[in-house]
Every structure is written in structure tokens, then in C-alpha cells.
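Letters go in sequence order (proteins before strands), and every chain restarts at 1. All values derive from a computational prediction rather than experimental measurement. Any value given below was found using the heavy atoms of this structure, including those in side chains, with hydrogens, waters and symmetry copies removed.
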There are 2 protein chains.
Amino acid sequence: MTIEAKRLLVGQPLRTGSLGQQLLTKRLALPVFCSDPISSVAYATQEILLVLALGGPMLLHLTRGVGLAILMLLGIVVASYRQICFTYPSGGGAYVVSRDTLGERASLVAAAALLVDYVLTVAVSVVAGVDAITSYAAALNRHAVALSLGFVLLLMLVNLRGLKESGRGFAAPTYAFIAGIFLMFAVAAWRVMTGQHLHAVSANFHLQPAHHLARLLLVVLVLRAFASGCTALTGVEAVSNGIPAFRPPKSRNAATTLAVMGVLSATMFGGITLLALLTHVQMADEPGRLLGAPAGYVEPTALAQIAEAVFGPGPIFAFIQAATAGILVLAANTAFNGFPVLTSLLARDGYLPRQLHHRGDRLVFSNGIIVLALAAGLLVVVFDANVSRLIQLYILGVFVSFTLAQAGMVRRWQRDLARATDRQRQRIRRGQVINALGAVTTALVLVIVVVTKFSHGAWIVCVAMPALFLLMRHIGRYYEKVRQETALHDEPTRPASNHALVLVSGLNQPTAQAVAYARAIYPASLEAVTVQIEQDETEELKRAWADHHVDVPLVVLYSPYREITRPVVDYVRTYPRSSPRDVITVVIPQRVAGRWWEQPLHNHSALRIKSRLLFQPAVVVTSVPYQLRSAIARVHRPDTGDRDTLILHAARHTSPQPPSRL
Amino acid sequence: MTIEAKRLLVGQPLRTGSLGQQLLTKRLALPVFCSDPISSVAYATQEILLVLALGGPMLLHLTRGVGLAILMLLGIVVASYRQICFTYPSGGGAYVVSRDTLGERASLVAAAALLVDYVLTVAVSVVAGVDAITSYAAALNRHAVALSLGFVLLLMLVNLRGLKESGRGFAAPTYAFIAGIFLMFAVAAWRVMTGQHLHAVSANFHLQPAHHLARLLLVVLVLRAFASGCTALTGVEAVSNGIPAFRPPKSRNAATTLAVMGVLSATMFGGITLLALLTHVQMADEPGRLLGAPAGYVEPTALAQIAEAVFGPGPIFAFIQAATAGILVLAANTAFNGFPVLTSLLARDGYLPRQLHHRGDRLVFSNGIIVLALAAGLLVVVFDANVSRLIQLYILGVFVSFTLAQAGMVRRWQRDLARATDRQRQRIRRGQVINALGAVTTALVLVIVVVTKFSHGAWIVCVAMPALFLLMRHIGRYYEKVRQETALHDEPTRPASNHALVLVSGLNQPTAQAVAYARAIYPASLEAVTVQIEQDETEELKRAWADHHVDVPLVVLYSPYREITRPVVDYVRTYPRSSPRDVITVVIPQRVAGRWWEQPLHNHSALRIKSRLLFQPAVVVTSVPYQLRSAIARVHRPDTGDRDTLILHAARHTSPQPPSRL
């Protein structure tokens, strides 16, 4: 990608100094960090219905009880995470908390769970958003995969442009969705009170129980429905992760945002669940189980059925669907905010490749964004843009990280208790109780999720999480090993003599320049080395060498197998050294071309030789570039010619101690 | 690919000295170079029949006249090419001949035609070979594409193993095919003489004329049939290209081989065409036009129908089909012998990337072989392994190169005539007449081919050939421009001062080693340079720098956009130089890891910085490798520790003239 194209797609780079201006007000933080938990009310109810519907229409009334249990759970989790906001003001997701309190192993489990969740958040939210669209425009249903991929791509580009634009551009759909749902509640209440009947489109169908129901106990079915409904809780963690992006007082603002989010989510989830029961929404994962449905019936989402029942098929229904699609697509944005921060943290701690650590030039973590978009796009394609199938994978990781974060907080309170004043003790005890309740509850849910969802797809996560865990631990141990291996273990041997070899294939300006450079590093010995492939060419080179009186011995290497790399490497390897501390500098003239299509026409042998020589101890490889005209045209000009703005610190160490040999 | 896997697939490398042992006897040269023209009799007759069948069964008798015309053409072309064998004993294809006599432009046209032809030879021959198999085992018909690709892959591997094995392994099928066809002639003659009737399987069907026939004049149809039948001539050029591979006397042996090939081809093509008429073979490009054919009729090749009519469906029929498949697949081998030689010639002359010039380590031109296999594989897939569709593309390029080669020979004779003795003049006149006849005839055929085949696919070649021509001319001009640009135009400026900058990100052994090396090149100034991304990291580095009393100033660069590359490049660009002849050496410590999965974990920033610095004039980049333990384990050991066998020539130039400043 050229610089120009990159600028067009992702905008101008931002300076570190402008990071402060990027901080979010609560009003902007809500859409950025809470669109995920709020938007999940768009599908949580329907996932409960879909499971209970396996038992036929007479089980649907259980939705109410399942919904109530989920509301209680939501309250506990929100309260627990508010504690984290105050305790970890620099941002504390499950990874940070468990690393601080439970050790490396637990923190990597949490990290693996979070990574998997971010990917699933993108996939589930985008696919559910597309469902909202196809519930209004059924004809688009067969393009669901393409639409979903389009949204993932769009999100990737928006996020590569930077944090603030995301907050602003995404505020409208969140507030539109919240407003739309509450308007729906109001109109529904008014219509019920005036004695009108609300009927969902599927209310008239005859729901058949699933064939395999015989094998299921009622309690298992209810627990599975509960586990599915727990998607309403996904994304609660985002706020506590994103505290640094809030305006000060950061912790207080974040905790308030979390509370507002909790109240909004609870109200909307409760209201939608009640309306689903009232309008008799019936859903089935196999369309054949809905007797009386017309041929080619594309099942609308539960929320769409409710909205149509309340508003009729007019423009307000269309608005609700558009707002739903909007908030869901930007819920995926929550993950695009969180994932790169987490991978950057993990890379900083050495558990992921270092290039994920540094920010790109838009104050965001470009590499992480791209990895996330690719992984989510893959899931969308593999699961054929089906929300219910993706949901099975989603909840497991969420509750792993919930449990670890809360358990970590319990341990943290214990630690704080030891050095607390009496006045603090009361607050700590209260926090400990809240987090202990959170830990026990979420652990219980985790068990339920694993048991009821394992065979429905959760096994994939049960494989992916340990794989990620092992990968990160492996990388962590590798970096640690390299750090120990490369630690300053002794005074490095100052080279005794430096022998220079210039690789030549012809006598031309690049070669002459390389020879001139080699002289300027004052080598103990200097030779030009060429490999004979075709005798004619070598003879011509030797003639030119003599004609120009080049005062450097020309060594011709015999290449019995017409290779170039091996003779050079062997020659360097066996070069006679007078001391083991001798170094050999191999000087390679390199033609630098400016246009992409010129690259395959130059420097193949040189690059292959170079990559092989790097493996030889006490051999240094020097590239003396010769810029062709096309390359000179491409030379980068600095933004400012002002050196002072460039150099932060240039200290001459006039240390009182004797200088080291280094 | 690891060295071990490569050895297993392509065998041990061969020394240049063993090139002599690779020379071919006539008995081996025939299968290697003549399998292509000989094997084309397997499909030439059928392509004539397919075109004439467009006019219905009453036109099939014209096959005889068309066949006779092709036999005459074959005689002329073989006679013409025998002249080339004697005139260009070091190998003269259309490229060499036209470059020598008609200039660069014509030679590149010839080269483009030959490159296209080699690719089509592989595609057509392999696909026709698979047709021979499916004519016996119709069930394999739906795997035709996969089978064809398998053969292409097999040929690629066999050829990567070297020339000789190809000759040996491929001799058997050629002689089996020749023997089989002559046996078929003998049995057919005996059965006809004993009064038996020979009937092809398709003789009983009712052939319908094609619907679009009304638009075709009879003469056009006959010319198209003739053009299709000209495939019998493809590959004649291979012998004259391959003269260096013959045992001495090379020219005489090659000319003899060419004559033997001509007689064999003519006899077999004539015989097969007669038998096709005798057995009433009927073929149609649309199966629906053969009324009376059973449902799911997979049309056997004409040769298969004849063989079955003569031998019945027993083991001899199977043998004929196997031999046919065998010779066709190895006909593709002709191209695998010729293509890499041609691309190597073109690369030597600077019309293709240089890496195609040098031989790989198996005395063959590995890169060319791989390119050829890829291109042919692509054609097989695009044309769905259909011989008749591929044939339309095939003949055009063949006759372009025939015409250019013969026209070039006429010019060459004219040149020779000027300085010839009287005794030579007679022979030259005779040669000139033969080649003039060849040039005129093949030019005429070329016109017929273009006119009758253009809309049937030959347009693809009419696009591909000019594209290749322009590409090669462009590369040629580019290399020439670079050669002029890099020619030794003046004494290169010996650097006035050499300033060394060591890039550091932490104080560790690789950094210390790089600093130690930088001291050993005696720079006029020495600095360590780091880029501040995270302030903590920089502070730690500064502390370590002070703690270890490193006596090198540490310059910290400010990176407002958290980039690493740009600040370094800007710093180097604006580095204060006391003279324009100053050089800056940027020393980069580089960790070298031995395992593939370690690569993504190291050196990203270093490599990006390096590739950008190469564009800066008067900047030299030096990599000081630090081998991690995994890399040390992988260090290459030379085959021999014997330096004397390695160095061919090491001259100390004690020139009497004063040494140059170089």
C-alpha cells in the first residue's frame, strides 16, 4: 500500500501529545464501551426462546423465570465490576486483575478467554446486526455472509482511523436504539391498556417440540436456556478495561457509566422478554417445526416480531430494525477497542510477538485490529452467519474471564486488608463480599455453560482457549530464554582484526563504490571475491580488473555445482584468521531500485548469500547501496528539517568512573 | 524446503565436469527431442476429422487431400531445419537464428512465439495423453483435469532431477508407441487383405452437419482442417535447439535424427489417416451431433477407435493406449528440455530476469522448469483439459517461429555467399532454395492459421505473444539502462569520514557486540541511537547505559507518532556532515534464530529501518548478527574443508602502472 492510499483510508497520523484530547466523556464512553452489553438484549431473549421451544409451546412460560435469573446475575456482575473500576484505575480487565493477584498461569487463561471473546463479539454482533436487516428485508437473507463480511471490513477501516471518530460516529445508533426500545415499551403499554391485542407474526403457527426432546430432562433444558440467555451479560468487562480512555475522574466516571449501562440493559432485557411472552413469539431452530408457516418463511428475530406487532409494518418498525442493526454493528466496535489494547498489553509482557506492542501511527494498535477482523471474518464464513450457532461458542469465554476477575478481586481485597486502616476495612469487607458473590455465581454459571453447551459448539472454545494459552506461554518462555541468552553476560570481544571481502560480479560503479567503502573501514586485509559460473564472464571481469589497475586482489571461487551462495559461504567460513577474535566483514554492493517491478530484476544472489552468512559467527554483512535513478526519485523527505525537534536526549557520558571496554 | 527434502526430490547435485557424460546418443536423443513431433500423430488426424465433420459425413473423404498437403509441408520443414543443424552447430532455434540474421526485434518475436509454444506443448501433450487413457477407461474421464495436472507435476519433478534420467526413463514409451503403431499397420493390412471389414465404434452413428455450417464456405472448412492438421508439425524445432546435447559429430547426428523423425512421423501420420478413412471414424465436437450414440458416450480418440477396430478390445488395444499416453506425456518433456534452455539464453541476453540464467544445482535450469509447469497447469485448468480447444492456440506460435527461422536462414545464406569459395557456392545456393521454400510455405500456412483460427482461440496467442514481446523488450531496455547507469563512470569518491551510528533498543549482548564492531571500523564519530516509544523503557535503557559506563553517547530520538522507522531515517538524513563525501554507517544488531517459527518474533523494526535506509545516498547499512543457540545448531558445514579446491584464481595485482584510487 502506498503512503498516499494509507492516508486516504486511515487519515493523518496523530501525535502522542494529542492523546489527551482523545479522552471520552461519559456521553461518548457509553456508546463506545457499552454498545456490546446493551445491544445483546437484541438477541438474548430470542436465544432463551429458541431453547425452550425445543419442548414445544407449553414450556415458553418458563422464559419469565429464566429471564429473572439472568437479571439477578447481571446485577451481581455489574456490582462486581464497579469494584474493579475503583481498584484498577489504569484499566483492569480479567487479564490485568488476575496477573496482579492470581499469577501468570491464571492471567494467561483469562487472556486466552478474552481474546476468544473479542473475536466472537465481533462475529456474533455483526451477524445479529445483519439478522436485524434481513428481518425487515427478507430478500437480503441469502446475502447474509457477504453483508456480515462487509461490516467487519468497514469496522476495521473505521478503527484504523482512530479512537475518537469511533466514539462520535457510533454515538447516534446507540442512543437511537435505546430511544426506539423505550418508545416500543411505551406504545405497547398504551395499546395493552387500551385493550388491544398484540400478536407476533409467529403467534399463529403451531410449534412442534423437537424430536430429540425425549432425551432431555426439563431441568437440563431450562439450564441450557439460562446459559443461552447469559449472552445478555457479554461485554460488561469492556468498561473496566477502558478506564484510561475516560475523562477524569476516570474511575468514578467509568463506574457511573457501568451502573447506567446495567440499569439500561436490565430494563430493556426485562421489557423485551415480557413483550415476547405477551405477543406469543414462537421460534424454532428448524423451520419445519413451525406448522402453518408459509413456504420460504424467513424467521424474523424475536425483537423484530415484537416491534412489528407493536408498530405494524410501517416506518417505525423499519427505524427499530435500522437502530438495532446500527447498535449491533457498533457493539462489534467494542471489541475493536478492547482487543488491540489487550494484545498490546500481552505483547508488552512478552506473550505475543513484539510488533503487536507498538502503536501504529493513528494512536491505535493497527496490527491487532487487522488480526481481529481476519479472525472474526473467518468465524462468520465458517458458521455461515448463523447467530444461534455462534452464540454457543460465545458465553464460555465470557464467564471464564468473569470468574477469574472476581476471584482475583477477592484475593486482592485480602491483600489490601492486611495494610488497611480501620476506616478502610469496612469498605474492603463490603467489596470482598460483592466480589466473592460475583466469583461464586459466575463460576456456577460457567459450570452450567460448559455442561449444557459443550456438544453444541462450546468444545471449539474449549480447544481454542488452551491452544492460545499454550501459544502465549510458549512465546513468553521463548522471549525469556532469548532475554537470558542475550543478556549482557560479558565484555564482548573487541575484534582483533577486521578482514573485508567485497563480493563482485562485474566491475562497475556499485562495485567500485563498495570497494571504496571497504577501504574506509580500514580493514586488516581486503579482497574482492567473485564466483565463476561462466568462464567467459570471469575472464571479462579479470580483464576489466587489470585494465583499471584495481589495487585489490581478485579471488575467483570455483563453483563445481554452479551455485553462488555455497562457495561464498564456504570461503568465508574457512577464511584464515590469525586470532579467534578476528571478524570478517562481507561487503555487498546492492542496487536499489525505486519501482516495485524492478525488484525481481536485481540482487537475488546477494540477498541469498546475505541471509546465509548471518548464520556464521564473527561474520558481519555490510550492504553498500547504489541508488538507481528510480530510487533517488523515491527518497523520503523528512517532515521538518529541524533536528532539535527530533532529538529528545543526547548525553555525552563523561562518567567519573573509568570507561568500560565496550 | 529443507535441503534434505530437496535432495530426496531432485537427487544429488552434479558437477560441471560431469556435463560431458550427459551427452545423448542418437538412440536416446530421438525420444528426448522427437517425442513431440512423433506423438502429435496421435491427435493430428483426429483434429482434421473434427473440422471436416462439421460439414457432415460426405466431406470426410477430403481428409486424404488435407493429409497429403500436411505430409508435403512436413517434408519441407524437416529439410529446412536440417540446414539449420549444420549452420548453427551450437544450437539454433528460431531465436538464435533470427537474432543472428534478422535483428533484435525479429528474434524477440521468435522468442515470444517459442515460449508460448513450449507452454502449449506441455498442455496439449499431457491432455492428449490423458485422453488416450480415458479412451480406454471412460470412467476416468471426469478426472481428466486432475490427471493432467498430476502428469505436469510429475514431469516437473523428473526434469528437476536432470537431463539424462529424462532421456533414459523416457526412451521406452517412444519406441513402444512406434512399434505399436507399425504393428497396428501390419495387422490392419493383413486383415484387409484377408477380406475382413474394419469398423470403428463410431462408424455406425449418423453424423449430423453442424448448424452453423451454412455460414462456412467449403474452402474455408478445408483450410481450417489443414490448419488443425498442422499440429503434426509441432516440435520439429526441438532437435535444432538441442544440438549441444548430442554426441559428436553433433550437427551430423542431429540432422540424421531429424531425418529419421521426419520419415517416422510421415509414415505414421499417413497410415493413421488412411486407417481412419478405412474404418469410417466419425467424430463431432458436440456429442449431440452423433445420432445413435449411446447415452453417456465418451468419444474415444480417433487413434483409439482405429486401434480397437484393428485389435478388438483386448490387451493389445490397452497396450496401444498405454504407449500413446506414454509418448504424449513425454512429448511434454520435449518442452521441459527446450524451455529452460531458451529462457536461460534470453536471460543471458538480458531479456528475462537474470535469475533464469544460472543453472540450478542439477545441471538444469530449475527456475524455467517451474515457470513452465505453472503456466501449463494454468492452461490445463482454464481449458478444462480439452485437446481440441487447446490445439486452436497451439499452431500459431509454431508457424511464427518456423517462418522467422527459415527467413533468417535465407538471409544467412546470402551473407555467407559473399565470402564463399566456388565449391561452397553450390551448397549455399541449394540451402538457400530449401530455406526459401520453407519460409514461403510456412508463411502461407501462418496466414491460413491466423485467418481460420483467430476467432477459435488463436486470438489469445495473438495477445500473449505481443505481451511477451513487449515484456522482454522492456526488460532488455531496462537492463541496458541500468548497465549504462552503473557503468564505471568515474573514480568513486573515497569516503572522507565514516560516521557510525549503532541502533539500540536495550543494552544486551547483541547491542554490546554491535558497538564493539562499530569501534573496529575506526569511525570518525560513533553514537548509539534509540527511539523513545515508551518513556519507561527509555529511562531503563539510559540507566543501564550509565550503570555499565558505556563510553558511547546515547542519542534518544523523539517519536511524536510512535513510529520507529521515520525518526531514524530522518536523523540519518539530517546528520551533520563535514564533507559531502562523508559516509554514515548504520550498524544494526540482528538476532539470528534457527527455527522458522522464531522469525516472526524478531527484528521487525530493524528490517524495516534497513530497507528504508537503503534509499538514502551515502548511507551504508551493516548487520552485526548475534546467533541465538537455535541458529548455531543450523550453521552450514562445508562439504570439504579444503580451501584449495574452492579457490580457482587469486591474483595479487602487482601492476607496473600506478594503482588506481579505487
Side-chain angles (χ1 to χ4, degrees), chain A residues 13 15-16 353 355 358-359 361 486-488 492 494-495 498 508-510 512-513 515-517 520-522 532-533 548-551 553 555-556 558 560-563 570-571 573-574 592 600-601 604 614-615 620-625 631 635 638 643 646 648-650 652 655 657 659-660 662, chain B residues 13 15 353 355 358-359 361 486-488 492 494-495 498 508-510 512-513 515-517 520-522 532-533 548-551 553 555-556 558 560-563 570-571 573-574 592 600-601 604 614-615 620-625 631 635 638 643 646 648-652 655 657 659-660 662:
Chain A
R15 297 174 72 98
T16 304
Q355 64 262 45
H358 292 305
R359 286 167 182 247
D361 62 0
T486 61
L488 198 58
R494 175 86 179 270
N498 182 12
N508 46 38
Q509 202 66 18
Q513 198 180 287
V515 171
Y517 174 80
I521 61 171
Y522 308 106
Q532 170 171 320
I533 301 291
H548 285 86
H549 316 300
V550 187
D551 191 28
V555 177
V556 179
Y558 177 54
Y561 305 113
R562 279 161 310 285
E563 289 174 303
D570 285 355
Y571 185 74
R573 248 189 73 82
T574 58
V592 181
L601 301 172
H604 299 280
L614 288 177
F615 284 88
V620 167
V621 184
T622 293
S623 301
V624 179
V635 166
R643 274 182 78 74
L646 204 62
L648 197 63
H649 176 94
R652 302 261 149 196
S655 169
Q657 283 106 331
S660 100
L662 254 175
Chain B
R15 298 173 71 98
Q355 64 263 42
H358 292 304
R359 286 165 183 250
D361 62 359
T486 60
L488 199 58
R494 175 84 179 271
N498 182 11
N508 46 37
Q509 202 67 14
Q513 196 181 287
V515 170
Y517 175 79
I521 62 171
Y522 307 106
Q532 170 171 320
I533 299 290
H548 285 84
H549 316 301
V550 186
D551 191 28
V555 176
V556 179
Y558 176 53
Y561 304 114
R562 281 163 307 287
E563 290 174 303
D570 285 355
Y571 185 75
R573 249 188 72 81
T574 58
V592 181
L601 301 172
H604 300 278
L614 288 178
F615 283 88
V620 167
V621 185
T622 292
S623 302
V624 180
V635 167
R643 274 181 78 73
L646 203 61
L648 196 62
H649 176 93
R652 301 263 151 197
S655 169
Q657 282 106 332
S660 100
L662 258 174

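Of the atoms belonging to A:Ala520, heavy atoms from both backbone and side chain fall under 4.5 Å from chain B.
Closest heavy-atom contact between B:Thr622 and A:Thr622: OG1-OG1, 2.8 Å. Counting all heavy atoms, side chain and backbone alike, A:Leu488 lies closest to B:His548 at CD2-CD2, 3.4 Å. Of all the heavy atoms in B:Leu614 and A:Val592, the pair that sits closest is O-CG2, 3.7 Å.
Rounded to the nearest 0.5 Å, atoms CD1 (A:Ile521) and OH (B:Tyr517) are 4.5 Å apart.
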